[in-house]
Asker: 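Right, I'll just put the structure down here and ask away after.
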Amino acid sequence: MRRFLLLYATQKGQAKAIAEEICEKAFAHGFSADLHCISESDKYDLKTETAPLVVVVSTTGTGDPPDTARKFVKEIQDKALPIDFFAHLRYGLLGLGDSEYTYFCNGGKIIDKRLQELGAQHFYDTGHADDCVGLELVVEPWINGLWAALTKHFMSSREKERNEALKMASNASQRMEPVKPELLYIESQVELLRLDDPGRKDSEVQEQNAVNRDQSSAPTAESQSSLTHSIPPLSQASLSIPALPPEYLQVHLQESVGQEESQASVTSVDPIFQVPISKAVQLTTNDAIKTTLLVELDISKTDFSYQPGDAFNVICPNSDSEVQNLLERLQLTDRREYCVLLKIKADTKKKGAALPQHIPEGQFKPDLCLFSSNLSHPGKLHFIFNIVEFLSNTTVEVLRKGVCTGWLAMVVAPILHPNTRVSPAEDGKAPAPEISICPRTTNFFHLPSDPSAPIIMVGPGTGIAPFIGFLQHREKLQEQHPEGHFGATWLFFGCRHKDRDYLFREELRHFHKRGILTHLKVSFSRDAPVGEEAAPVKYVQDNIQLHSEQVARVLLNESGYIYVCGDAKNMAKDVNDTLVEIISKQAGVEKLEAMKRLATLKEEKRYLQDIWS
């Protein structure tokens, strides 16, 4: 049976599950997969491997290869390796990632690129599966096409061996008697048998040929094409249509007993806190493109703990009107009070089956980044958010709002006060509404443990939130330790208009005046120059480029930290590209080397991102 080496590098188990699925399917296609985690280097040796290699690699949220692949990546990135180190290797690679993040499938891309640099060649095109739209859209067709690619590889290898054998035989024939024609005929027939798929018996091949003949000659029962049936000329084309993934979800409607059961459905591993809203303020003017609200929660009667830069979850319901509209379209209005139970089918053949991430358990729990410092505001928790608004894609355009931000805006509306730090709830004129929150399991976006380390903060729009908490915390620390040594602090902030959405302008001026914030650089993307004024810097990355020497010095010479918070789709990518350019220019190195140095900063947790789309 034809053997290939199958390696996986996984962080949360998805790559392993897909590799195991490939391993199980291999036997049915006449192959034998030698399956190992990429970290199990004692069980395989790529330096001497002669079989084709198949690799499944996931990517972490920061764009790095998974932890299980760190040792492997470090070994293959050894600069002492010759460029033909893997010249004998033929491989196919499947990368897993999420396009919501800046470095899509970067774990797989790093390994793929380095293998080619060391002489390895593809026998099958690389696949990049996107968890944002569904991994199976790429994974299933990629696996289906793998078998043909492997078969072609083995046939090509045999043909090469055969040509070499014939060449040797030709050379030998000059010294030996000529081979009889009947022997050549037998040899050719044996070769044809070898090239046939060993996973299928002769009887099976004959049966299938008979079936194919019958199907081609018999009239088609269905004359209309559909998603499951095609008619000529499409049915006569040699197309490889990916099979539907196996069913793995089971949906039940269960009659709800009452309110208690409904509340019990909101499950969470972390504790849930019911807290009152003590303040709600609109930070932007009414003519701003986006409306930004500040909300203060009173957590003094809870044991909710946090650090500046942490995020937490808000538990929010769906819009009643939208739920009603959906029930009507699904003709389920008589079952409004039923519970929808979604489970994995016990007999599913899908490997690594899991509930889709976009279907929350219980109720919707989006992440919100807080900007409080528990030293500056004990017993309080602050956060800001933009009210997400968009036009519905229907025949009649309707302005819709985001699930969580729209709900929060509605909840705080009775106590909302525009452009001031005072809210009616504080005066007792309106009852304080309450919301449910729970801490996020993993938080990493924290100030350095060494306060003398310089920091660079990049946060346009609401991305500034954690940095206000950083500065509040640093201010209190400096008051408590007036003789202490504190590193320089840089903030690159950006917004559209100076007079409409410059968030926390007075607070930033205060921090800058007191020396808590040593460098404040603000850009305005939509403001035009007035009179003879120079055109304002448009984006945060432009301002970073203007101060490239100082930025490079902080990161490369002073062991500083850089934090990026905000939009993942454009801003974070542009900032990263700018940092690569700065390091390349200031350090006098090639772009690839600059990227490696930036990756090292990530490994050292000195380049941190809290980004979203």
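Remember, predicted model here, so these are calculated numbers, not experimental data. Just so it is clear, the values below take in all heavy atoms, side chains as well, and ignore hydrogens, waters and symmetry mates.
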Asker: Are Lys602 and Tyr607 in a cation-pi contact, defined as NZ or CZ under 6.0 Å from the six-membered ring centre and within 45° of the axis?
Answerer: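 Cation-pi check for Lys602 and Tyr607: passes.
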Asker: Quick one: does Gln609's side chain have a donor or acceptor within less than 3.5 Å of a partner on Ile611's backbone?
Answerer: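 It does not hold such a pair.
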Asker: Ring-plane angle category for Phe31 and Phe4, please: parallel below 30°, perpendicular beyond 60°, tilted otherwise.
Answerer: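 Judged by the thresholds at 30° and 60°, the geometry between Phe31 and Phe4 is perpendicular.
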Asker: Take Asp112 and Thr126, measure what side chain to side chain donor-acceptor pair (under 3.5 Å) needs, and give me the verdict at the end.
Answerer: CA-CA 8 Å; Asp112 196 9; Thr126 297; 2.8 Å; yes
Asker: Is any side-chain heavy atom of Met155 less than 4.5 Å from a side-chain heavy atom of Thr151?
Answerer: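 Yes, side chains in contact.
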Asker: Verify, without hydrogens or angle tests, whether His88 (side chain) and Lys47 (backbone) share a donor-acceptor contact under 3.5 angstrom.
Answerer: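 A pair under 3.5 Å: yes.
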Asker: So do the side chains of Tyr91 and His122 get within less than 4.5 Å of each other, counting heavy atoms only?
Answerer: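 Yes, side chains in contact.
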Asker: Quick one: pull up NZ in Lys74 and CD in Gln77 and give me the separation to the nearest 0.5 Å.
Answerer: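 If we round to the nearest 0.5 Å, Lys74:NZ and Gln77:CD are 10.5 Å apart.
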Asker: Any sub-3.5 Å donor-acceptor pair from Ser58's side-chain atoms to Pro65's backbone N or O?
Answerer: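 Pair absent, no side-chain N/O of Ser58 close to backbone of Pro65.
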Asker: Would you check if the side chain of His446 reaches a backbone N or O of Asp310 as a donor-acceptor pair within less than 3.5 Å?
Answerer: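 Side chain of His446 to backbone of Asp310: no pair is present.
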Asker: Closest heavy-atom contact between Val589 and Ser584?
Answerer: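 That closest heavy-atom pairing would be O-OG, 2.7 Å.
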Asker: Take atom CG in Asp45; do more than 12 heavy atoms of anything else shown fall under 6.0 Å from it?
Answerer: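 Above 12, so yes.
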Asker: Counting only N and O atoms by type, is there a donor-acceptor contact under 3.5 Å from the side chain of Gln121 to the main-chain atoms of Gln116?
Answerer: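 Between the backbone of Gln116 and the side chain of Gln121 there is no qualifying donor-acceptor contact (under 3.5 Å).
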Asker: Any side-chain heavy atom of Phe312 sitting closer than 4.5 Å to one from Arg440?
Answerer: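 Phe312 does not reach Arg440 side chain to side chain.
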Asker: Any non-hydrogen side-chain atom of Thr10 less than 4.5 Å from a side-chain atom of Ile38?
Answerer: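 They are not in contact (no side-chain heavy atoms under 4.5 Å apart), so the answer is no.
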Asker: Locate the shortest heavy-atom distance separating His153 from Pro52; write the atom from each residue and the value.
Answerer: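 In terms of heavy atoms, the two residues are closest at CD2-CG, 3.7 Å.
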Asker: Rounded to the nearest 0.5 Å, how far apart are CG of Leu94 and CD1 of Ile18?
Answerer: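 The CD1 atom of Ile18 is 6.0 Å from CG of Leu94, to the nearest 0.5 Å.
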Asker: Is there side-chain contact between Gln14 and Asp131, with heavy atoms separated by less than 4.5 Å?
Answerer: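 Gln14 reaches Asp131 side chain to side chain.
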Asker: Atom CD1 of Ile583 and atom CZ of Arg597: how far apart are they, to the nearest 0.5 Å?
Answerer: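 If we round to the nearest 0.5 Å, Ile583:CD1 and Arg597:CZ are 8.0 Å apart.
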Asker: Minimum heavy-atom separation for Ala33 and Leu6, please, with both atom names.
Answerer: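 For Ala33 and Leu6, the tightest heavy-atom pair comes out as CB-CD2, 4.2 Å.
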Asker: Do Asn144 and Leu146 have side chains that approach each other closer than 4.5 Å (heavy atoms only, starting at C-beta)?
Answerer: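 No, side chains not in contact.
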Asker: Do other residues, nucleotides or ligands put more than 12 heavy atoms under 6.0 Å from the NZ atom of Lys16?
Answerer: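 No, because the 6.0 Å sphere around NZ of Lys16 holds 12 heavy atoms or fewer from other groups.
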Asker: Can you list everything that forms a salt bridge (charged side-chain N to carboxylate O under 4.0 Å, His left out) with Glu75? Sequence neighbours excluded, please.
Answerer: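 Checked Glu75 against salt bridge (charged side-chain N to carboxylate O under 4.0 Å, His left out); zero matches.
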Asker: Check this for me: Glu604, atom CD, are more than 12 non-hydrogen atoms of other residues, nucleotides or ligands nearer than 6.0 Å?
Answerer: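 Atom CD in Glu604 is crowded, with more than 12 foreign heavy atoms closer than 6.0 Å.
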Asker: Is there a side-chain contact between Val564 and Met571 (heavy atoms, below 4.5 Å)?
Answerer: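 Val564 reaches Met571 side chain to side chain.
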Asker: Go through Glu581 and Lys585 one step at a time and tell me if the salt bridge (Lys or Arg N to Asp or Glu O under 4.0 Å) criterion holds.
Answerer: CA-CA 6 Å; Glu581 290 179 19; Lys585 181 180 179 181; over 6 Å; no
Asker: Could you check whether any side-chain N or O of Lys109 sits under 3.5 Å from a backbone N or O of Phe104, counting only pairs where one atom can act as donor and the other as acceptor?
Answerer: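 At least one qualifying donor-acceptor pair exists.
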Asker: Side chain to side chain contact (heavy atoms under 4.5 Å, CB included), that's the test. Do Val251 and Val340 meet it? Break it down for me.
Answerer: CA-CA 7 Å; Val251 183; Val340 180; 4.0 Å; yes
Asker: Under a 3.5 Å distance rule, please check whether Trp142 uses its side chain to pair with a backbone N or O of Asp125 as donor and acceptor.
Answerer: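 Such a contact is found between Trp142 side chain and Asp125 backbone.
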Asker: Arg606 side chain to Leu555 main-chain N or O, any donor-acceptor pair under 3.5 Å?
Answerer: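 Yes; judged by distance alone, with no hydrogens or angles, the pair exists.
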Asker: Give the intermediate values and the outcome of side chain to side chain contact (heavy atoms under 4.5 Å, CB included) for residues Leu7 and Leu5.
Answerer: CA-CA 7 Å; Leu7 302 179; Leu5 178 61; 4.0 Å; yes
Asker: Is the number of heavy atoms from other residues, nucleotides or ligands under 6.0 Å of Lys596 NZ greater than 12?
Answerer: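 Yes - once you tally the heavy atoms of other residues, nucleotides and ligands closer than 6.0 Å, there are more than 12.
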Asker: Is the shortest side-chain heavy-atom distance between Tyr539 and Val575 below 4.5 Å?
Answerer: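 They are not in side-chain contact.
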Asker: If you look at every heavy atom in Ile111 and Phe72, which pair is closest and at what distance?
Answerer: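 The pair with the smallest heavy-atom distance is CG2-CE2, 4.0 Å.
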Asker: May I ask you to decide if Phe123's main-chain N or O and Arg90's side chain share a donor-acceptor pair within less than 3.5 Å?
Answerer: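 Here the side-chain-to-backbone pair does not exist.
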Asker: Looking at Lys25, I want to see if its NZ is surrounded by more than 12 non-hydrogen atoms of other residues, nucleotides or ligands under 6.0 Å.
Answerer: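 More than 12 within 6.0 Å, yes.
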Asker: Counting N and O atoms only, with roles assigned by atom type, does the side chain of Thr59 sit under 3.5 Å from a partner on the main chain of Leu96, one being a donor and the other an acceptor?
Answerer: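 Confirmed, Thr59 side chain pairs with Leu96 backbone.
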Asker: Could you walk me through whether Ile76 and Phe86 pass the side chain to side chain contact (heavy atoms under 4.5 Å, CB included) test, one step at a time?
Answerer: CA-CA 10 Å; Ile76 65 173; Phe86 286 139; 4.1 Å; yes
Asker: Roughly how far, to the nearest 0.5 Å, is CG of Asp84 from CG of Leu89?
Answerer: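 If we round to the nearest 0.5 Å, Leu89:CG and Asp84:CG are 12.5 Å apart.
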Asker: Tell me the closest heavy-atom pair linking Cys37 and Thr68, and the distance in Å.
Answerer: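 What the structure gives for the nearest pair is SG-CB, 4.0 Å.
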Asker: Where do Ala453 and Tyr561 come nearest, in terms of heavy atoms and distance?
Answerer: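 Looks like CB-CE1, 3.8 Å.
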Asker: Might you work through the side chain to side chain contact (heavy atoms under 4.5 Å, CB included) test for Ile315 and Asn313, ending with a clear yes or no?
Answerer: CA-CA 6 Å; Ile315 301 174; Asn313 299 313; 5.6 Å; no
Asker: Under the salt bridge (charged side-chain N to carboxylate O under 4.0 Å, His left out) rule, collect the residues that match up with Asp34, sequence neighbours excluded.
Answerer: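 Partners of Asp34 by the salt bridge (charged side-chain N to carboxylate O under 4.0 Å, His left out) criterion, ordered by chain and then number, come out as Arg3.
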Asker: Measure the spacing between CG of Asp542 and OG of Ser523 and express it to the nearest 0.5 Å.
Answerer: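 OG of Ser523 is found 7.0 Å from CG of Asp542.
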Asker: Parallel, tilted or perpendicular: which fits the ring planes of Tyr563 and Phe467, with parallel below 30° and perpendicular above 60°?
Answerer: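 Rings of Tyr563 and Phe467: perpendicular, over 60°.
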Asker: Under 3.5 Å, side-chain donor or acceptor atoms of residues 547-554 against the rest of the protein: list the pairs with distances, not counting sequence neighbours.
Answerer:
residue: His547; atom: ND1; partner: Asn543; partner atom: O; Å: 2.9
residue: Ser548; atom: OG; partner: Gln545; partner atom: O; Å: 3.4
residue: Arg553; atom: NE; partner: Glu558; partner atom: OE2; Å: 3.3

Asker: Working to the nearest 0.5 angstrom, can you tell me the gap between Phe85 CZ and Asp78 CG?
Answerer: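 So the CZ of Phe85 and the CG of Asp78 are separated by 8.5 Å.
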